[in-house]
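This structure is a prediction, so every number in the text was calculated from the model and none was measured. No hydrogens, no waters, no symmetry mates; every other heavy atom, side chains included, goes into these values.
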Amino acid sequence: GINEIFGYKTGVFVAFAGYSIFGVGAEVAGITVSKIIAKWFKGKELATAMGVQVALARIGSQAGYAVAIPLARAFGISTPVLLGLVLLLGGMIAFFVFAVMDKKLDKQMEAAAIAAGTEDEEEKFSFKDVKNILVNPGFWLIALLCVLFYSCVFPFQKFASELMIIKYGINENVAGTFAGLPALGALILTPVFGGFIDKRGKSASIMLLGSAMLICVHFIYAIPDINYWLVAIVLMIILGIAFSLVPSAMWPAVAKIFPVSQLGTAYALIFFIQNIGLWGIPTLIGWVLDAYCISGKKPDGTNMYDYTVPMCIFTGIACLSLIVALLLKKADKKYGYCLLYTSPSPRDRMMEIPEGKVSLLDAVPVRCGHITTEWEGECAVLAYPRFKYEWMRRFLLPKGMSPDIHVRLEEHGTAVWNLIDGHRTVREIISLLARHFGEEENYIPRVTAYVMQLRKDGFIQLTIRN
């Protein structure tokens with residue numbers, strides 16, 4: 001028979017080819033599942049659903065690591081491969097069952113769209129969608145945060161057990177257990193944090209917190225003089241919390257930034273960029289270890305390493321992730337991604353108003369009577385009294401101070417304010433603003449978020465059309 005293929009032993013080449021095909025399938029499945037969850041749970045408990053999906057994926061990964069080697073030792077290497085095949089067949093059957101359910105949902109959504117007069121053309125792939133995604137600042141910030149965050153976690157876990165043994169003196173029999181704490185934490189906590197995001201929002205802030213925790217973990221690991229075993233375990237627990245915080249906020253955020261028609265493409269591009277990092281960072285760390293970090297030899301002749309420099313690299317990457325998270329929070333305020341809001345976001349939310357429950361898009365914003373409009377050039381300036389009662393203004397207002405507080409609106413805010421006349425619905429205002437915003441893809445969530453903010457600050461009230 002053939003002993004070699006392209007210079008590799010036949011068995012090695014076949015295993016390599018099979019693993020490559022499996023990897024491609026796994027990526028396609030990951031992208032598809034993310035799009036499916038966003039479609040089914042958009043405007044509902046999206047973060048919780050994605051958190052449960054991540055938890056189930058972690059169960060599968062940990063079960064694979066835990067079961068494969070004992071099965072191979074007990075029954076031969078073909079046994080875990082056969083078990084994997086059976087599980088894949090089970091997944092395929094589950095997909096066929098889901099396809100029937102998804103077809104039913106499509107019909108329901110189509111009927112609802114026709115009833116609402118918002119029927120759209122069938123979604124098709126378009127290179128224009130790719131262009132629209134690539135020019136969206138939110139895409140690059142989410143993609144960079146994804147690659148930086150995961151590059152601080154997955155490559156680190158590859159040598160975490162050895163770090164525990166060499167630096168912290170933890171017994172090799174339990175070092176792997178402690179190194180697996182982040183995955184265990186993600187399994188338990190990701191759905192919990194997803195539920196919190198659905199109820200309280202604050203996605204951008206949660207990503208900031210997770211990135212800051214990541215910096216603390218890697219920075220303390222990098223300090224040579226801190227080598228007490230309990231510190232290592234506590235840091236692993238904190239890493240597990242961070243490993244749950246960021247994904248629980250990051251993946252649902254994609255569904256808020258992009259319309260459903262672009263979600264599959266957006267997730268695919270993010271996965272592509274993520275995999276570049278997950279290839280490049282381990283390669284960099286491996287080179288650094290071999291070039292600068294060899295500290296001795298083990299009894300079996302293999303190298304021992306000092307992990308201070310790699311941990312400093314991870315700390316630097318974590319700092320970059322924090323900067324990106326800050327920029328994402330700033331972009332959210334500028335472009336109206338609604339990352340600070342709960343699920344559903346303002347554009348999908350049913351509003352509780354005195355007249356009853358109504359969709360935000362069908363609500364009529366009305367200017368509050370105590371608000372007056374002044375002008376600075378082409379920008380509106382909203383003025384409202386510092387004190388509610390005349391006697392308060394008379395006795396509490398310092399001499400020379402204006403009795404009103406002034407809020408200057410920028411160009412887009414002025415355009416929205418001018419269209420609030422007490423008769424137009426939010427939907428009609430958005431339609432009239434289409435020409436003003438031109439080619440901007442995300443102006444609709446920006447307008448809805450702005451209307452919500454005006455209501456929160458007391459400049460407008462929401463009512464329904466008589």
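- No donor-acceptor distance shorter than 3.5 angstrom exists from the side chain of Arg408 to the backbone of Cys379, with no hydrogens or angles considered.
- Looking at heavy atoms from C-beta onward, Ile313 lies out of side-chain contact with Ile281 at the 4.5 angstrom threshold.
- Taking SG from Cys368 and OH from Tyr384, the interatomic distance works out to 12.0 Å, rounded to the nearest 0.5 Å.
- In this structure, Ile420 CD1 and Leu454 CG are separated by 5.5 Å, a value rounded to the nearest 0.5 Å.
- Here Trp140 contributes atom CH2 and Leu328 contributes atom CG; the two are 15.0 Å apart, rounded to the nearest 0.5 Å.
- Within a 6.0 Å sphere centred on CZ of Phe159, heavy atoms belonging to other residues, nucleotides or ligands number more than 12.
- With a 4.5 Å cut-off on side-chain heavy atoms, Lys329 and Ser205 count as touching.
- Side-chain contact check for Tyr150 versus Leu278: some heavy-atom pair is nearer than 4.5 Å.
- Between Ile133 and Ala266, the closest heavy-atom pair is CD1-N, 3.6 Å.
- Remark: side-chain polar atoms of Ser431 are not paired, donor with acceptor, to backbone N or O of Arg427 under 3.5 angstrom.
- Inter-residue side-chain proximity for Phe314 and Val217 is flagged as unmet; no heavy-atom pair is nearer than 4.5 Å.
- Counting heavy atoms from C-beta outward, Trp229 and Ile233 have side chains that approach closer than 4.5 Å.
- Between Ile273 and Cys146, the closest side-chain pair of non-hydrogen atoms is not below 4.5 Å.
- Taking all atoms of both residues into account, the shortest heavy-atom contact from Ser244 to Ser248 is O-OG, 3.0 Å.
- With a 6.0 Å radius and a threshold of 12 heavy atoms from other residues, nucleotides or ligands, Glu410 has its CD atom above the threshold.
- Looking only at distances, a side-chain donor or acceptor of Ser321 sits under 3.5 Å from a matching main-chain atom of Ala318.
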Leu322 vs Leu208, side-chain contact (heavy atoms from CB on, under 4.5 Å): CA-CA, chis, key distance, verdict: CA-CA 6 Å; Leu322 180 66; Leu208 269 173; 3.6 Å; yes
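- With contacts defined as side-chain heavy-atom distances shorter than 4.5 Å, the pair Leu163/Pro310 does not qualify.
- Under the ring-ring contact (aromatic ring centres under 6.0 Å, His included) test applied with Phe156, the options Phe149, Tyr221, Tyr307 reduce to a single match, Tyr221.
- Of all heavy-atom pairs between His218 and Cys152, the closest is NE2-O, 2.9 Å.
- How far CD of Gln274 is from CG of Leu145: 11.0 Å, rounded to the nearest 0.5 Å.
- Considering all non-hydrogen atoms of both residues, Lys167 and Ile220 come closest at NZ-O, 4.3 Å.
- Counting non-hydrogen atoms of neighbouring residues, nucleotides and ligands closer than 6.0 angstrom, the CD atom of Gln461 reaches no more than 12 such neighbours.
- The CD1 atom of Ile215 sits 8.5 Å away from the OG1 atom of Thr315 when rounded to the nearest 0.5 Å.
- Scanning all heavy atoms of the two residues, the minimum distance from Ala249 to Ser203 falls at CB-O, 3.6 Å.
- The two residues Ala179 and Ala160 make their nearest non-hydrogen contact at CB-CB, 3.9 Å.
- Judged by distance alone, with hydrogens and angles left aside, the side-chain atoms of Thr190 form no donor-acceptor pair with the main-chain N or O of Ala55 at under 3.5 Å.
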Full working for side-chain contact (heavy atoms from CB on, under 4.5 Å) between Asp106 and Lys39: CA-CA 10 Å; Asp106 285 340; Lys39 172 185 174 182; 2.5 Å; yes
Worked verdict on Leu214 versus Leu239 for side-chain contact (heavy atoms from CB on, under 4.5 Å): CA-CA 6 Å; Leu214 204 59; Leu239 180 60; 3.3 Å; yes
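- Side chain of Asn136 to main chain of Gly138: a donor-acceptor pair is present (N/O by atom type, distance under 3.5 Å, no hydrogens or angles).
- Judged by distance alone, with hydrogens and angles left aside, the side-chain atoms of Arg424 form a donor-acceptor pair with the main-chain N or O of Leu419 at under 3.5 Å.
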Stepwise ring pair (Phe, Tyr, Trp, His ring centres under 6.0 Å) check, Phe243 with Phe193: CA-CA 11 Å; Phe243 192 34; Phe193 292 140; over 10 Å; no
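- Under the side chain to side chain contact (heavy atoms under 4.5 Å, CB included) test applied with Ile270, the options Asn275, Val254, Leu144 reduce to a single match, Val254.
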Step-by-step side-chain contact (heavy atoms from CB on, under 4.5 Å) determination, Tyr305 to Ile294: CA-CA 5 Å; Tyr305 296 102; Ile294 296 175; 3.6 Å; yes
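- Side-chain contact between Pro182 and Met236: present, with at least one pair of heavy atoms (C-beta onward) separated by less than 4.5 Å.
- Residue-environment remark: CZ (Phe98) exceeds the threshold of 12 foreign heavy atoms within 6.0 Å.
- A donor-acceptor pair is defined here as one N or O able to donate and one able to accept, closer than 3.5 Å; such a pair exists between the side chain of Arg367 and the backbone of Trp417.
- Atom CG of residue Leu409 and atom OG1 of residue Thr414 lie 5.0 Å apart, to the nearest 0.5 angstrom.
- Atom CH2 of Trp40 is surrounded by more than 12 heavy atoms from other residues, nucleotides or ligands within 6.0 Å.
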